[in-house]
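To start, the structure itself, in structure tokens.
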Amino acid sequence: MKTLVTCALPYANGPIHLGHMVEHIQTDIFVRFLRSQGEQVVFLCADDTHGTAIEISAEKQGITPEKFIEQVSNDHQAVFRDFQVSFDLYSSTNSPENQHYAELIYNRAKEAGFIGKKAIEQAFDETANRFLADRFIKGECPNCGTKDQYGDACEKCSATYGPKELKNPYSVLSGKTPVWKTSEHVFFQLPKHEAFLKEQLAKPGFMNPGLATQLQQFFKKGLADWDISRDGPYFGFPIPGETNKFFYVWLDAPIGYISAAEVWAKQTGKAKSALDFWAKDADARIIHVIGKDIVYFHCLFWPSVLEVAGLKVPEKVHIHGHLTVNGEKMSKSRGTFINARPYLDVLDPNYLRFYYASLLGPGPEDLDFSLLEFRQRVNAELVNNLGNLANRTLSRGGDHLPKLGKTLSPANEALGGQLVRDALAKVKDIAAAYGAFDHRQAIKLILEIGYSANQFLAKAEPWKSAKTDLEAARGVLSEAAEIVYLLTALLDPVVPALAQKLAEQLNRPKLTFKALQTATYPLLDRNVPIGEALPLITRIEEAVVAKLVIAPKEEPKKKEAAPAAAPAGPAAEIEFGDFVKVSLRAGRVLAAVKVPKADKLLQLSIDLGEGAPRTIVSGIAEAYQAEQLVGRNVVVVANLKPRALKGIESRGMVLTSGPGGKDLVLLDPGDVAPGTEVK
RNA sequence: GGCCAAGUAGCUCAGCUGGUUAGAGCGGCGGUCUCAUAAUCCGCAGGUAGUCGGUUCGAGUCCGACCUUGGCCA
């Protein structure tokens, strides 16, 4: 049986960020594991290329949508490649194959009587000469009057409404007031699938049960017809038999899963067509991996569409949570919106792969990219526990101490048998964890194995016996090398490049999960010499991590010309009027980085509720590490005259108490909003 | 606003169908070794389980309300 695995198709309207990578890394781990088990897997993805947003982005750049999506696709593919995401093919929804399948599915649905038409009323921009989707209309909230709200919900009072209810609506495209026009749209008749869908959602393993429960609300409300057409101009596929109507992007996007398989089949010749996977009776299973934001597209519409077209419905839709950075949603203004390419510019992708794996569970909970946690966990677990284990074992057996040579000792059951058998006993659970997207459980078990081997070395103390009995020392290290060899299989899904390095240092091919199903002690053929050992991967430096979140540019605010308070003598009494000149505010530290070549200085990016964060340089580096400050509230003198410290303009001062140096404490204004006045 | 999910040590999480002193890793603190990437190993401290109420001989585990966070509402 073949397995087809897909990631959600990234929208071709912007760069890949670390949020995307949560999905692509966990799926890649899953796929690499399946391959290691010896399964036939095809791993596909594509860019989702249609819709108004892309058309407009292309127009802004003065290029065709085709050119635009080609550029984006190149960027996307390069990022995924550099993160070692092992797609068998990365395709595009703007392909002849996709058009073919979109039309085929549409025609089949039409023949089966599942397509209808209805006139709908929609906002129309007469200047731009196009209909406006809800997100292209803004106006005042009909509930609370907040300005510049989209046509579906108010960010301020969270009221929901239709675009027509907005007061003083305007088109985002032209700024003009839209008019209301009717247009006949094509609908997919979802209500006819209620029975099928209820059965599908109840299938064990199809999707997360909690989210399946949530989808029940659609049945309670009553399923509605799904609008699958958009009026031109629209970047997409024309609907056969209609004039100036195009398939809505969400119809043809998932069809990209099918057409990608078709392109793969054509290019590799490994299948006759996509139907080797997608035909109802194909000997294959299909697994989609998506974020929790697009559940109903994949679990309501998509299965229905496939069912009507007589195609195979996915066996499983794996749903994951979203990424936060330092505990909050990624935000451009906070400098925590981290794109994948800038990450790669400063850090090894294996760090992120390992970190995500160590956090990812099988459920749809969010996970946090905490800079401090990231550095600490990767350094402690991947570098110190596992990487150093390999190095302390192999360097001793390799060239580091030439006396020991490159050969291994014969297997010594009494010495290492227990160690290896205990480790092998965990392999089954590790495999089960990878197979269930419970990657953090897999990592946990692998770390236990690493720990047991480190402990083994600590007890056996080969460095001592080496002085009197080289053979005894070599025997101990040879047993530890068994565990290192085991790691080439166990770590391969998560950090394939590191597993490969280990295999090379051992001078053997990587172990596989398939081989491990029947493996017994000893794993290593002791007659094969080992290679040369080098440190596997180095620790993450604090300064490098901090580079990820410093906002690239901070616009200086002109309006706040700081009224300079006259400096008073140290103990001299001042008037109340002088005191109130000092503007004290609560601020939240968004980012912190050590100032190079300064022992005491930290450069802080502090939110004072002013829109853009402020840069403040503070002499607290001896008392606080940069990372532990992020997210913390502090008291700031907000109207201090700006001053340059080590060439960095500091716009304010952070208050502390204590004599200084290591002994000072940041004043805590409590849990209040940034910008709150301190009196 | 409606619905769904989550809320256990500073952080990330385990705790099976309710049953002895609530566990682990990371971080912190103290110690140890010296083969190794200032790594390892040993030990210590840390939790009135979001809040309130209920069921029960007994609840982190069941029920209700509320609070907080996240997602969805075609």
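Chain letters run A, B, ... following the sequence lines, proteins first and then strands; every chain starts at 1. As the structure is a prediction and not an experimental result, all values here were calculated from the model.
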Whole-angstrom distance between B:rU8 and B:rA24, as gauged at atom C1': 13 Å
Side-chain H-bond candidate by donor/acceptor type, A:Ser183 with A:Lys245, under 3.5 Å: yes
Atom P, compared across B:rG43 and B:rA14: separation rounded to whole Å: 26 Å
Atom pair distance, as rounded to whole Å: CG in A:Leu386 and P in B:rC41: 11 Å
Inter-nucleotide P distance (B:rC16, B:rC62), Å rounded: 9 Å
Nearest listed nucleotide, side chain of A:Lys464, among B:rC4, B:rA36, B:rC33: B:rC33
Option from A:Phe369, A:Tyr356, A:Phe354 for which ring-ring contact (aromatic ring centres under 6.0 Å, His included) with A:Phe374 holds: A:Phe369
A:Arg230 charged N/C atom sitting above A:Tyr248 aromatic ring, 6.0 Å / 45°: yes
Touch class at under 4.0 angstrom, heavy-atom based, for A:Leu457 against every strand present: nothing
Minimum-distance nucleotide (side-chain atoms of A:Leu536 versus B:rA74, B:rC13, B:rU37): B:rU37
Touch class at under 4.0 angstrom, heavy-atom based, for A:Glu461 against every strand present: nothing
Any donor-acceptor N or O pair under 3.5 Å, side chains A:Thr324, A:Asp366: no
Value in whole Å for how far the P atom of B:rG2 lies from CD of A:Gln217: 13 Å
Whole-Å distance separating the CZ atom of A:Phe456 from the C1' atom of B:rA36: 16 Å
Length of the CG-P vector between A:Asn379 and B:rC11, whole Å: 21 Å
Test item: side-chain donor near acceptor, A:His320 and A:Glu365, under 3.5 Å: no
Sugar-phosphate, base or nothing in reach of A:Gly210, heavy atoms under 4.0 Å: sugar-phosphate
Lys/Arg-Asp/Glu bridge criterion (N-O < 4.0 Å) met for A:Glu479, A:Arg526: yes
Distance between P atoms of B:rA45 and B:rU51 (Å, rounded): 24 Å
Shortest side-chain distance from A:Arg392, nucleotide among B:rC13, B:rU40, B:rA39: B:rU40
Touch class at under 4.0 angstrom, heavy-atom based, for A:Gly327 against every strand present: nothing
Euclidean distance, atom CG of residue A:Leu372 to atom C1' of B:rG28 [Å, nearest integer]: 12 Å
A:Lys164/A:Glu121 ion pair, N-O < 4.0 Å: yes
P-based separation of B:rG71 from B:rG28 [nearest Å]: 32 Å
A:His322 side chain, from C-beta outward: closest of B:rC35, B:rA14, B:rG71: B:rG71
Side chain to side chain donor-acceptor pair (under 3.5 Å): pairs with one or both residues in residues 188-202 of chain A, sequence neighbours excluded: A:Gln189-A:Lys192, A:Glu194-A:Lys198, A:Gln200-A:Lys203
Closest-nucleotide 5' rank along RNA chain B - winner of A:Asp293 and A:Leu534: A:Leu534
Dot-bracket pairing map - RNA chain B, Watson-Crick plus G-U, both contacts under 3.5 Å, | cross-strand: (((((((..((((.....[...)))).((((.........)))).....(((((..]....)))))))))))).
A:Asn507 CG to A:Gln505 CD distance, which is reported to the nearest 0.5 Å: 11.0 Å
Nucleotide nearest A:Gln376 when distance is taken to its side chain, options B:rG27, B:rU12, B:rA74: B:rG27
P atoms of B:rU17 and B:rG60, separation to the nearest Å: 16 Å
5′-ward residue of the pair A:Gln214/A:Arg539 relative to RNA chain B: A:Arg539
Under-4.0 Å side-chain N/O to phosphate OP1/OP2 contact, A:Arg375 with B:rC26: no
Per A:Gln455 side chain, nearest of listed nucleotides B:rA36, B:rC41, B:rU12: B:rC41
Close residues, residues 358-368 of chain A, relative to RNA chain B [heavy-atom separation under 4.0 Å]: A:Leu359, A:Asp366
Integer-rounded Å distance: B:rG25 P and A:Asn454 CG: 14 Å
Electrostatic pair A:Glu504-A:Lys501, nearest N-O below 4.0 angstrom: no
Nucleotide nearest A:Phe218 when distance is taken to its side chain, options B:rU37, B:rA74, B:rU40: B:rA74
Spacing of the C1' atoms in B:rU21 and B:rG47 (rounded, Å): 14 Å
Set of residues satisfying salt bridge (charged side-chain N to carboxylate O under 4.0 Å, His left out) with respect to A:Asp422, sequence neighbours excluded: none
Value in whole Å for how far the P atom of B:rC35 lies from CG of A:Leu394: 17 Å
Partner set under salt bridge (charged side-chain N to carboxylate O under 4.0 Å, His left out) for A:Arg377, not counting sequence neighbours: A:Glu373, A:Glu381
Interatomic distance where CZ belongs to A:Phe219 and C1' belongs to B:rC3 [whole Å]: 14 Å
Anti/syn call for B:rG46, syn if |chi| within 90°: syn
Minimum-distance nucleotide (side-chain atoms of A:Lys292 versus B:rG70, B:rA24, B:rA74): B:rG70
Candidates B:rG25, B:rU34, B:rU37 - which lies nearest the side chain of A:Arg377: B:rG25
Sugar-phosphate only, base, or nothing, as touched by A:Tyr451 at under 4.0 Å among non-hydrogen atoms: sugar-phosphate
Which residues share a side chain to side chain contact (heavy atoms under 4.5 Å, CB included) with A:Tyr106, sequence neighbours left out: A:Lys110, A:Ile115, A:Val186, A:Ile228, A:Ile239, A:Pro240, A:Glu242, A:Phe247
Distance, C1' atom - from B:rU69 to B:rA22, rounded to whole angstrom: 24 Å
Sugar-phosphate, base or nothing in reach of A:Lys329, heavy atoms under 4.0 Å: sugar-phosphate
Sugar-phosphate only, base, or nothing, as touched by A:Ala380 at under 4.0 Å among non-hydrogen atoms: sugar-phosphate
Touch class at under 4.0 angstrom, heavy-atom based, for A:Leu447 against every strand present: nothing
Nucleotide nearest A:Trp226 (side chain, heavy atoms from C-beta), chosen from B:rG25, B:rA74, B:rG2: B:rA74
